[in-house]
Participant: 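Would you mind keeping the following structure in view while I ask a few things?
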Amino acid sequence: MKPLAVPQAAAPVAAAPVAAATAQPAKPAATARLVSLIPLAGFIVLGGFFAWRLHLVEEGITPNLIPSVMVNKPAPEFDLPPLMDGQANVASADFKGKVTLVSFFASWCIPCREEHPYLPLVTQAGIRLMGISYKDRPADARSWLAELGNPYTVIGADVYGRTGIDFGVYGVPESYLIDKNGVIRFKQTGPLTPDVIRDKIIPLAQKLSKEGSQK
């Protein structure tokens with residue numbers, strides 16, 4: 001009789017090797033580098049934009065010449081304290097009987113510095129130039145004018161910008177030519193240039209000066 005075959009003990013199963021390498025999360029270094037470059041990229045874009053704007057202004061092109069709904073409408077009423085000590089308040093009532101160029105400016109405004117050398121051309125043409133110091137500390141505005149010169153006939157201090165809001169100021173510098181009846185007849189958004197003063201402001205002011213005043 002054939003003996004029964006004794007079953008052999010199963011060979012021990014070798015333990016599965018532990019994964020040599022566990023999947024590693026992506027290192028954050030590359031992401032961090034990209035994030036760190038965002039400010040630099042923003043600076044380059046803004047620098048290019050301002051360089052382009054300055055080039056256009058130098059060429060006599062004013063891309064900020066934005067039509068205003070305020071043109072041909074009465075100027076907003078206001079009564080501001082004077083920027084300079086010892087002077088009277090500056091008010092919309094002062095427009096009566098005088099063609100006036102109202103210029104919003106600020107010491108913190110870089111384009112205002114660019115515009116500033118050309119403002120005497122306005123007063124030299126016999127146009128009353130009213131400055132409004134916009135959202136600026138009076139001491140800073142006075143220091144700025146002491147450095148660059150004061151071309152304005154009068155200056156009001158719109159410290160909180162409320163008058164600027166009523167005018168619809170988009171961003172300084174902005175200028176409004178107002179006729180003898182207190183009606184806005186022209187708006188310039190952005191710095192005035194010699195070409196704009198010579199070709200637009202002065203001819204229109206001369207025309208408005210010949211028109212009669214309403215009683």
Side-chain angles (χ1 to χ4, degrees), residues 39 42-71 75-76 78 80-85 87 89-92 94 100-125 127-178 184 186-198 200-201:
F43 176 80
I44 293 173
V45 171
L46 286 175
F49 173 75
F50 285 118
W52 171 70
R53 289 291 313 276
L54 288 174
H55 172 71
L56 291 179
V57 171
E58 290 174 353
E59 294 295 323
I61 303 171
T62 53
N64 278 342
L65 189 59
I66 300 174
S68 172
V69 295
M70 298 296 292
V71 173
F78 63 89
L80 295 172
L83 180 67
M84 301 301 185
D85 295 334
Q87 295 187 352
N89 276 19
V90 178
S92 53
D94 299 336
T100 304
L101 184 70
V102 178
S103 173
F104 286 83
F105 72 96
S107 65
W108 44 262
C109 160
I110 294 177
C112 295
R113 183 176 288 266
E114 175 188 336
E115 171 192 74
H116 195 80
Y118 308 123
L119 292 179
L121 298 176
V122 176
T123 52
Q124 289 168 10
I127 304 170
R128 188 169 185 263
L129 179 59
M130 175 185 291
I132 295 185
S133 175
Y134 178 70
K135 290 185 176 180
D136 203 359
R137 292 188 297 185
D140 291 347
R142 286 192 289 267
S143 296
W144 192 75
L145 292 172
E147 174 192 351
L148 301 180
N150 181 4
Y152 301 100
T153 309
V154 292
I155 307 175
D158 185 20
V159 176
Y160 301 104
R162 296 186 183 279
T163 299
I165 291 174
D166 291 341
F167 270 80
V169 169
Y170 179 76
V172 287
E174 282 195 11
S175 301
Y176 297 78
L177 187 64
I178 298 174
I184 297 173
F186 178 82
K187 175 187 176 181
Q188 168 78 10
T189 302
L192 291 170
T193 65
D195 288 344
V196 171
I197 295 173
R198 182 185 62 246
K200 296 182 178 179
I201 301 293

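Numbering of residues begins at 1 and proceeds along the displayed sequence.
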Participant: Indicate the atoms forming the closest heavy-atom contact of Glu115 with Pro173, along with that distance.
Facilitator: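 So the minimum-distance heavy-atom pair works out to OE1-CB, 3.6 Å.
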Participant: May I ask you to check whether Tyr176 and Phe186 place their ring centers less than 6.0 Å from one another?
Facilitator: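 Centroid distance Tyr176-Phe186: not below 6.0 Å, so no.
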Participant: Does any N or O in the side chain of Gln87 come within less than 3.5 Å of the main-chain N or O of Leu83, such that one atom is a donor and the other an acceptor?
Facilitator: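 No.
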Participant: Applying side chain to side chain contact (heavy atoms under 4.5 Å, CB included) to Lys187 and Met70, what does each step give before you reach the verdict?
Facilitator: CA-CA 8 Å; Lys187 175 187 176 181; Met70 298 296 292; over 6 Å; no
Participant: Quick one, Asp94 and Arg128 - any side-chain contact, counting heavy atoms below 4.5 Å?
Facilitator: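 When only atoms from C-beta onward are counted, Arg128 and Asp94 do touch, with a gap below 4.5 Å.
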Participant: Would you confirm whether Asp158, through its side chain, and Tyr134, through its main-chain N or O, come within 3.5 Å as a donor-acceptor pair?
Facilitator: no
Participant: Are the side chains of Phe105 and Val172 in touch, meaning some heavy atoms are under 4.5 Å apart?
Facilitator: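 Sidechains of Val172 and Phe105: no contact.
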Participant: Would you say that Leu121 contacts Pro194 through its side chain, given a criterion of any heavy-atom pair below 4.5 Å between the two side chains?
Facilitator: yes
Participant: In terms of heavy-atom contacts, does CD1 of Ile110 have more than 12 from other residues, nucleotides or ligands at under 6.0 Å?
Facilitator: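 No, the 6.0 Å shell around CD1 holds no more than 12 heavy atoms from other groups.
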Participant: How far does CG of Leu80 sit from CD1 of Ile132, to the nearest 0.5 angstrom?
Facilitator: 5.5 Å
Participant: State, with a plain yes or no, whether a side-chain heavy atom of Ile201 is found less than 4.5 Å away from one of Val196.
Facilitator: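 When only atoms from C-beta onward are counted, Val196 and Ile201 do touch, with a gap below 4.5 Å.
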Participant: Would you confirm whether Asn150, through its side chain, and Leu145, through its main-chain N or O, come within 3.5 Å as a donor-acceptor pair?
Facilitator: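 The answer is no, because no donor-acceptor pair under 3.5 Å joins these two groups.
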Participant: List the atom of Glu114, the atom of Pro191, and the distance in Å for their closest heavy-atom pair.
Facilitator: OE2-CG, 4.0 Å
Participant: Below 4.5 Å, heavy atoms only, C-beta onward: do Tyr118 and Leu192 meet side chain to side chain?
Facilitator: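 Side-chain contact under 4.5 Å: no.
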Participant: Between Asp166 and Pro76, what is the shortest heavy-atom contact and its length?
Facilitator: O-CG, 3.3 Å
Participant: Is there a side-chain contact between Trp144 and Cys112 in this structure, where contact means two heavy atoms from C-beta onward sitting under 4.5 Å apart?
Facilitator: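 Contact flag for Trp144/Cys112 side chains = yes.
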Participant: So do the side chains of Tyr152 and Thr123 get within less than 4.5 Å of each other, counting heavy atoms only?
Facilitator: no
Participant: Between the side chains of Glu147 and Arg113, is the shortest nitrogen-to-carboxylate-oxygen separation below 4.0 Å, so that they form an ion pair?
Facilitator: yes
Participant: Under 3.5 Å, is there a donor-acceptor pair between the side chain of Thr153 and the main chain of Leu129?
Facilitator: yes
Participant: Can you tell me how far OH of Tyr160 sits from NZ of Lys135, rounded to the nearest 0.5 angstrom?
Facilitator: 12.5 Å
Participant: Measuring from Gln124:CD to Ile197:CD1, what's the distance to the nearest 0.5 Å?
Facilitator: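 CD1 of Ile197 is found 9.5 Å from CD of Gln124.
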Participant: So Gln188 and Ser103, do their side chains get closer than 4.5 Å, heavy atoms only?
Facilitator: no
Participant: Using modelled atom types only, decide if a donor and an acceptor are shared between the side chain of His116 and the backbone of Pro111 within a distance under 3.5 Å.
Facilitator: no
Participant: CD1/Ile155 to OG/Ser133 distance, rounded to the nearest 0.5 angstrom?
Facilitator: 7.5 Å
Participant: Give me the atom names and distance for the closest heavy-atom approach of Arg142 to Asp85.
Facilitator: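 That closest heavy-atom pairing would be NH1-OD1, 4.3 Å.
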Participant: Roughly how far, to the nearest 0.5 Å, is NZ of Lys200 from OG of Ser175?
Facilitator: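 One gets 12.5 Å once the value is rounded to the nearest 0.5 Å.
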Participant: Restricting to non-hydrogen atoms, name the atom on Arg198 and the atom on Asp195 that form the minimum distance, rounded to 0.1 Å.
Facilitator: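 Shortest heavy-atom contact: NH2-OD1, 2.6 Å.
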